[in-house]
Amino acid sequence: MKFTTYIKNKPTGTHECPDWEVNTVSQGQSYIEGHASENQYILNGQFVDFPVRPSLNHTWDWDSLSWKVNQELAENIALQKRKELLSESDWTQLSDVSVNKTAWAEYRQSLRDITKQSGYPFEIIWPAKPE
């Protein structure tokens, strides 16, 4: 049997086990038989579809049962993109590469400065790569 334990509508675990093991695994907590898909949760014994996630910067809030903006997540996403763009342009700073080093250095500095933009981390104007 597959089952998911919930406490106050929050899933606390999913487990597949024989019927005799259910009480041991659930440790006396109430449980609902069945298994919600990754796009559903259970509320008052009913499967409910999650609403569409507004953006990658949103996380599900189990207390309000709604998507909430997550600033820390937004910052992590922005910083990861910046890290990737800087890494992709590392080669431009090598001494034996003939590119416009000043333009690339300015581009790389602009990437480092995204945290100073007024819309950061939700509205970022990404600099254009030099040609």
Side-chain angles (χ1 to χ4, degrees):
M1 169 190 303
K2 280 188 178 180
F3 71 94
T4 303
T5 56
Y6 287 80
I7 298 176
K8 295 183 180 177
N9 296 327
K10 294 181 186 179
T12 58
T14 300
H15 189 75
E16 186 167 349
C17 63
D19 291 344
W20 60 267
E21 193 180 293
V22 171
N23 192 41
T24 303
V25 173
S26 65
Q27 299 174 350
Q29 297 293 326
S30 60
Y31 67 91
I32 298 172
E33 290 185 38
H35 184 71
S37 75
E38 63 184 37
N39 298 322
Q40 296 177 319
Y41 61 96
I42 297 175
L43 179 63
N44 300 324
Q46 301 293 317
F47 290 100
V48 179
D49 292 334
F50 283 105
V52 175
R53 186 177 185 183
S55 77
L56 292 177
N57 300 325
H58 286 74
T59 52
W60 186 254
D61 179 62
W62 285 104
D63 293 325
S64 66
L65 298 177
S66 63
W67 293 105
K68 298 289 183 188
V69 173
N70 183 324
Q71 179 152 347
E72 182 179 352
L73 178 60
E75 289 173 1
N76 288 340
I77 291 170
L79 294 176
Q80 181 61 38
K81 179 175 179 176
R82 177 180 74 177
K83 180 179 177 180
E84 290 170 8
L85 292 172
L86 283 167
S87 181
E88 289 172 6
S89 65
D90 281 348
W91 65 272
T92 65
Q93 302 306 297
L94 297 173
S95 60
D96 62 343
V97 174
S98 72
V99 293
N100 183 338
K101 292 208 185 290
T102 302
W104 279 99
E106 289 172 359
Y107 165 75
R108 290 168 57 82
Q109 187 58 51
S110 294
L111 289 173
R112 291 183 190 97
D113 291 341
I114 63 163
T115 59
K116 297 176 184 174
Q117 292 183 18
S118 62
Y120 177 82
F122 303 107
E123 295 177 22
I124 298 170
I125 299 170
W126 294 97
K129 290 181 184 179
E131 292 183 23

Ignoring hydrogens and angles, write down the donor-acceptor pairs under 3.5 Å from the side chains of residues 107-121, residues two or more places apart or on other chains.
| from | atom 1 | to | atom 2 | distance (Å) |
| --- | --- | --- | --- | --- |
| Arg108 | NH1 | Leu86 | O | 2.9 |
| Arg108 | NH1 | Ser89 | OG | 2.9 |
| Arg108 | NH1 | Asp90 | OD1 | 3.0 |
| Arg108 | NH2 | Asp90 | OD1 | 3.2 |
| Gln109 | NE2 | Asp113 | OD1 | 3.0 |
| Ser110 | OG | Glu106 | O | 3.0 |
| Gln117 | OE1 | Ile125 | N | 2.8 |
| Gln117 | NE2 | Ile125 | O | 2.9 |

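- Val69 and Leu79 sit in two unconnected hydrophobic clusters of ILVMFWY residues. Membership requires side-chain heavy atoms under 4.5 Å apart, directly or through other members.
- Legend: residues meeting side chain to side chain contact (heavy atoms under 4.5 Å, CB included) with Glu84, ordered by chain and number and at least two apart, are Gln80.
- Note: the hydrophobic cluster containing Phe122 does not contain Trp126 (ILVMFWY, side chain heavy atoms under 4.5 Å, direct or indirect links).
- With sequence neighbours excluded, the residues forming a side chain to side chain contact (heavy atoms under 4.5 Å, CB included) with Asn70 are Thr59, Glu72, Leu73, listed by chain and number.
- Using cut-offs of 30° and 60° on the angle between ring planes, the pair Trp62 and Phe50 is perpendicular.
- In terms of modelled atom types and a separation under 3.5 Å, the side chain of Lys101 and the main chain of Leu94 share a donor-acceptor contact.
- No donor-acceptor pair under 3.5 Å is formed between the side chain of Arg82 and the backbone N or O of Leu85.
- Annotation for Trp104 and Lys129: closest pair CH2-CB, 4.1 Å, computed over non-hydrogen atoms.
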